[in-house]
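Everything on this sheet refers to the single structure shown next.
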Amino acid sequence: MNTSTVKVGDELTPMSWQTGLANWNRYAAVNDEFVPIHMDDEAGCEAGFDSAFGMGNLQWSYLHNVLRRWLGGSGRILKLSCQFRSPNTRGMTVTARGAVTAVDDSGDGRRVSLDVWTEDQAGRPLAKGAAEVLLD
């Protein structure tokens, strides 16, 4: 990325993952998060969902991934927030996206604000958030 040409409206290259029990199990192993609603369809159904569902923090990590790939080592994430809107149930394709909403060249460097979100394969939002990065 050429950090000097970043402008409002620029979109991050989306990143997608086919999700399910194998993904969630690997994430749980790293984070010691073996919770039945994330590992067992029956437990997910008992909690009111169609199946087991993915961890919210896994979507959070997808947003970090899309930001870090876009930065390409030319900056750092200062802030990231998100609100979960819908569960990531088994078999979904989850895509992380982002778009530049503001660029500020004053102060300590080039600060960029972004809307970030995850969505399912039909484009329905799973998590919506905002990020601020500082470009090198």
Side-chain angles (χ1 to χ4, degrees):
M1 165 186 36
N2 181 345
T3 59
S4 66
T5 62
V6 172
K7 63 188 178 313
V8 171
D10 285 353
E11 293 186 7
L12 283 61
T13 302
M15 295 179 75
S16 296
W17 296 265
Q18 181 72 32
T19 63
L21 297 175
N23 302 77
W24 304 334
N25 190 46
R26 286 189 297 273
Y27 189 80
V30 171
N31 294 291
D32 193 25
E33 195 172 345
F34 292 101
V35 179
I37 58 176
H38 301 309
M39 300 288 122
D40 179 57
D41 284 339
E42 188 174 313
C45 290
E46 287 174 7
F49 298 93
D50 295 336
S51 69
F53 57 94
M55 301 81 168
N57 284 337
L58 182 54
Q59 287 189 59
W60 178 269
S61 73
Y62 292 161
L63 294 175
H64 273 269
N65 283 329
V66 77
L67 286 165
R68 289 192 185 285
R69 186 177 71 180
W70 178 70
L71 288 169
S74 297
R76 61 188 172 107
I77 299 169
L78 299 175
K79 296 179 189 176
L80 177 61
S81 64
C82 76
Q83 295 179 341
F84 302 109
R85 303 293 172 92
S86 189
N88 164 212
T89 54
R90 187 166 47 88
M92 279 186 178
T93 299
V94 176
T95 300
R97 299 180 178 275
V100 175
T101 59
V103 178
D104 181 5
D105 288 315
S106 63
D108 58 350
R110 186 160 234 223
R111 287 179 180 257
V112 177
S113 298
L114 304 101
D115 283 338
V116 293
W117 65 95
T118 58
E119 62 188 29
D120 69 11
Q121 63 274 8
R124 293 179 295 248
L126 300 175
K128 290 188 172 192
E132 184 177 332
V133 301
L134 183 63
L135 301 179
D136 292 340

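This one's a predicted model, so the numbers in the text were calculated from it and none came from an experiment.
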*Verify same cluster id: L71, L114 (apolar side-chain graph, 4.5 Å)*: yes
*Around atom CD of Q121, are there more than 12 heavy atoms of other residues, nucleotides or ligands at under 6.0 Å?*
yes
_Please say yes or no: joined through hydrophobic side-chain contacts below 4.5 Å, possibly via intermediate residues, are I37 and W24 part of one cluster?_
no
*First locate atom CZ of R76, then atom CG of L135, and finally report the distance between them rounded to the nearest 0.5 Å.*
11.0 Å
*Do you know the tightest heavy-atom contact between P87 and M92?*
O-CE, 3.4 Å
*Looking only at non-hydrogen atoms, find the nearest pair between P125 and S86 and report the distance.*
O-CB, 3.6 Å
*Locate the shortest heavy-atom distance separating T89 from T19; write the atom from each residue and the value.*
O-OG1, 4.0 Å
*Distance, nearest 0.5 Å, that separates OG of S16 from CG of D120*: 11.0 Å
_Side-chain heavy atoms of Y62 within contact of L126, under 4.5 Å_ = no
*asked:* Exactly one of R124, R85, R97 should register a salt bridge (charged side-chain N to carboxylate O under 4.0 Å, His left out) with E119. Which one does?
replied: R97
*Please answer: with hydrophobic residues joined when any side-chain heavy atoms are less than 4.5 Å apart, are W117 and V133 in the same cluster?*
no
*W17 vs N88 side-chain heavy atoms within contact, under 4.5 Å*: no
*Indicate the atoms forming the closest heavy-atom contact of D41 with A52, along with that distance.*
OD1-N, 3.0 Å
_Tell me whether S113 contacts the main-chain N or O of T101 through its side chain, where contact means a donor paired with an acceptor under 3.5 Å._
no
*Non-hydrogen atoms of P14 and T95 that approach each other most closely*: CB-CG2, 3.7 Å
*Find the distance between OG1 (T5) and CG (D10) and round it off to the nearest 0.5 Å.*
7.0 Å
*Any chance you could measure N65, atom CG, to L58, atom CG, to the nearest 0.5 Å?*
9.0 Å
*Hey, are the side chains of R90 and L21 touching, using non-hydrogen atoms and a 4.5 Å cut-off?*
yes
_CE-CZ distance between M15 and R68, expressed to the nearest 0.5 angstrom_ = 12.0 Å
*Taking the side chain as every heavy atom from C-beta outward, state whether V112 and W70 have any pair of such atoms under 4.5 Å apart.*
yes
_Is any side-chain heavy atom of N31 closer than 4.5 Å to one of Y27?_
yes
*Should we count CG of D104 as having more than 12 external heavy atoms under 6.0 Å?*
yes
_Looking at R110 and T3, would you say the former's side chain and the latter's main chain have a donor-acceptor pair under 3.5 Å?_
yes
*Going only through I, L, V, M, F, W and Y residues with side-chain contacts under 4.5 Å, is there a path from L80 to V6?*
yes
_Starting from V66, can I reach I77 by hopping between I/L/V/M/F/W/Y residues whose side chains sit under 4.5 Å apart?_
yes
*In Å, rounded to the nearest 0.5 Å, how long is the span from NE2 of H38 to CG of N23?*
13.5 Å
*Would you find more than 12 non-hydrogen atoms of other residues, nucleotides or ligands less than 6.0 Å from Q18 atom CD?*
yes
*Report yes or no: does E132 contribute a side-chain atom to a donor-acceptor pair with the main-chain N or O of K79 at less than 3.5 Å?*
no
